[in-house]
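The next block holds one structure in the form of structure tokens; read it before the comments.
Letters A, B, ... mirror the listed sequences (proteins, then strands); counts begin at 1.
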Number of protein chains: 2
Amino acid sequence: MPEKYRNLHIKLTPQRLAILSYLNGNRTHPSAEDIYKAVQKQYPTMSFATVYNTLEALKEKGNIRELKLDSAKKRYDPDNTPHHHLICVKCNEIVDIHWAFELSLPDKTVQGFELIGNHIEFYGICRKCKK
Amino acid sequence: MPEKYRNLHIKLTPQRLAILSYLNGNRTHPSAEDIYKAVQKQYPTMSFATVYNTLEALKEKGNIRELKLDSAKKRYDPDNTPHHHLICVKCNEIVDIHWAFELSLPDKTVQGFELIGNHIEFYGICRKCKK
DNA sequence: TATTTGACAAGAATCATTCTCATGTGATAA
DNA sequence: TTATCACATGAGAATGATTCTTGTCAAATA
């Protein structure tokens with residue numbers, strides 16, 4: 001069992017390990033379907049229920065982030081260090097932006113909200129789609 | 001016909017005017033269903049097709065923005081001036097943040113993307129949900 | 001007037017996601 | 001060891017937002 005999964009405190013079944021192994025180091029920000037298809041090669045009986053249940057558990061533990069950048073489907077990011085995203089408006093490719101910004105807000109603009117965090121979406125056209 | 005709709009260049013039917021009138025000045029970032037319910041009071045035969053068609057047309061003309069902040073459904077913002085959003089992680093209330101930020105990126109981080117724009121999501125807990 | 005164009009509305013279709021439920025399995029208690 | 005419990009799995013049904021289809025209608029134009 002990889003060191004990084006030690007503190008997950010969820011039952012690590014073979015299916016869950018396969019999902020974790022697919023996510024580990026993955027920079028493609030896969031959807032549930034991407035994960036399902038990939039893991040199904042190894043576990044032909046894998047069901048979407050298991051994929052979604054596992055993603056939900058990982059999300060709760062803070063191991064992955066759910067992205068709303070793609071309006072057609074949720075996508076997941078296994079990199080839980082703070083970072084932002086750049087998305088191609090044509091093909092929906094997502095790349096990570098590891099660059100810090102100072103984003104403080106004047107009190108009067110937050111209307112009594114207790115601020116928790118932020119996330120920047122950059123929009124653009126990727127190299128492939130420009131051609 | 002209100003001045004601001006002059007340059008829309010779409011056919012302004014009664015149904016569309018009702019939708020525009022509901023959106024005009026609306027700061028609640030309504031979903032398609034919110035719009036449907038509101039306009040249905042005036043036009044009982046209103047259908048979702050008309051709501052979605054109209055929203056699509058308005059989006060194309062740059063009159064409204066489609067928001068992806070709420071993963072359960074698309075929400076629409078009739079304010080087309082540049083601004084960011086603050087969303088309550090509990091009730092999904094969205095408020096506008098009219099505050100400008102300098103968000104330039106070093107070339108090496110954009111991986112050949114042609115940058116178009118950006119949008120910041122601030123997360124927090126609203127006054128009501130804090131109680 | 002005849003024709004064309006595009007909007008409307010009802011409902012069907014699609015599709016991502018969630019739910020249900022029967023079954024299985026590993027851990028723990030007796 | 002055996003019984004019980006908690007929870008994961010998987011097949012498929014259900015849900016619900018959005019999109020599509022199709023027939024009808026009305027305004028605009030020739």
Side-chain angles (χ1 to χ4, degrees), chain A residues 1 5-6 8-23 28-61 63-77 92 94, chain B residues 1 5-6 8-23 28-61 63-77 92 94:
Chain A
M1 177 169 68
Y5 304 146
R6 287 275 168 71
L8 266 180
H9 300 297
I10 63 171
K11 207 181 275 185
L12 288 173
T13 65
Q15 290 90 338
R16 288 182 170 183
L17 282 168
I19 290 172
L20 282 165
S21 151
Y22 174 72
L23 288 176
T28 65
H29 310 83
S31 65
E33 191 189 6
D34 295 332
I35 297 165
Y36 172 74
K37 281 183 179 165
V39 179
Q40 210 189 23
K41 287 172 191 161
Q42 196 181 347
Y43 292 93
T45 65
M46 169 70 52
S47 79
F48 268 104
T50 298
V51 173
Y52 281 108
N53 286 342
T54 302
L55 290 172
E56 184 60 30
L58 294 175
K59 199 174 66 177
E60 267 180 19
K61 296 296 179 184
N63 188 259
I64 61 173
R65 258 209 280 176
E66 186 181 289
L67 304 181
K68 292 176 289 190
L69 297 168
D70 187 336
S71 65
K73 58 185 71 168
K74 291 176 181 171
R75 293 173 63 167
Y76 297 88
D77 191 340
N92 287 331
I94 298 171
Chain B
M1 176 170 68
Y5 304 147
R6 286 278 166 69
L8 266 179
H9 300 298
I10 62 171
K11 205 182 274 184
L12 288 173
T13 65
Q15 290 90 339
R16 287 182 172 183
L17 281 168
I19 290 172
L20 282 166
S21 150
Y22 174 72
L23 288 175
T28 66
H29 311 82
S31 64
E33 191 189 7
D34 295 333
I35 297 164
Y36 172 75
K37 281 183 179 163
V39 179
Q40 210 190 23
K41 288 173 190 161
Q42 197 180 349
Y43 292 93
T45 65
M46 169 69 54
S47 80
F48 268 105
T50 298
V51 173
Y52 280 110
N53 286 341
T54 303
L55 290 172
E56 183 60 30
L58 295 175
K59 200 174 67 178
E60 267 181 19
K61 297 296 180 186
N63 187 259
I64 62 173
R65 259 209 279 175
E66 185 181 289
L67 304 180
K68 292 175 289 189
L69 297 169
D70 186 337
S71 66
K73 57 186 71 168
K74 293 175 181 170
R75 293 174 63 169
Y76 296 88
D77 191 340
N92 286 332
I94 299 171

Give a yes/no answer on whether the side chain of [X] brings an N or O atom under 4.0 Å of OP1 or OP2 in [N].
{"X": "Lys74(B)", "N": "dT19(D)", "value": "yes"}
{"X": "Tyr52(A)", "N": "dT17(C)", "value": "yes"}
{"X": "Thr45(B)", "N": "dA10(C)", "value": "no"}
{"X": "Thr54(A)", "N": "dA8(D)", "value": "no"}
{"X": "Thr50(A)", "N": "dA8(D)", "value": "no"}

Starting at [atom1] of [X] and ending at [atom2] of [N], how long is that distance when rounded to a whole Å?
{"X": "Glu56(B)", "N": "dT19(D)", "atom1": "CD", "atom2": "P", "answer": "7 Å"}
{"X": "Asn53(A)", "N": "dC7(D)", "atom1": "CG", "atom2": "C1'", "answer": "11 Å"}
{"X": "Leu12(A)", "N": "dT9(D)", "atom1": "CG", "atom2": "P", "answer": "10 Å"}
{"X": "Ile19(B)", "N": "dA7(C)", "atom1": "CD1", "atom2": "P", "answer": "12 Å"}
{"X": "Tyr36(B)", "N": "dC8(C)", "atom1": "OH", "atom2": "C1'", "answer": "13 Å"}

* Distance (rounded to the nearest 0.5 Å) between Leu58(A) CG and Leu8(A) CG ->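 Leu58(A) atom CG to Leu8(A) atom CG measures 6.0 Å (nearest 0.5 Å).
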* Separation of Met46(A) CE from Thr54(A) OG1 (nearest 0.5 Å) ->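 Output value for this atom pair is 7.0 Å.
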* To do: Starting from the 5' end of DNA chain C, give me the residue, Gln15(B) or Phe48(B), whose nearest nucleotide shows up first.
  =>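 Whichever sits nearer the 5' end wins; that is Gln15(B).
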* Asked: What's the verdict on side-chain contact (heavy atoms from CB on, under 4.5 Å) for Tyr76(B) and His29(B), showing C-alpha distance, side-chain angles and the deciding distance?
  -> CA-CA 5 Å; Tyr76(B) 296 88; His29(B) 311 82; over 6 Å; no
* Asked: Which of these nucleotides, dA11(D), dA10(C), dA7(C), is closest to any side-chain atom of Thr13(B)?
  ->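 So the nucleotide nearest the side chain must be dA7(C).
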* To do: Could you check which of dG10(D), dT17(C), dA10(C) has an atom nearest any side-chain atom of Ser47(B)?
  =>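 Of all the options, the side chain of Ser47(B) is nearest to dA10(C).
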* Nearest nucleotide by nearest heavy atom, which residue falls closer to the 5' end of DNA chain D, Ser31(B) or Lys11(B)? ->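 The 5'-side residue here is Ser31(B).
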* Applying salt bridge (Lys or Arg N to Asp or Glu O under 4.0 Å) between Glu66(A) and each of Arg75(A), Lys59(A), Lys73(A), report the one that passes. =>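 The single option meeting the salt bridge (Lys or Arg N to Asp or Glu O under 4.0 Å) with Glu66(A) is Lys59(A).
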* Which residues share a side chain to side chain contact (heavy atoms under 4.5 Å, CB included) with Ser21(A), sequence neighbours left out ->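 Result, side chain to side chain contact (heavy atoms under 4.5 Å, CB included) vs Ser21(A): none returned.
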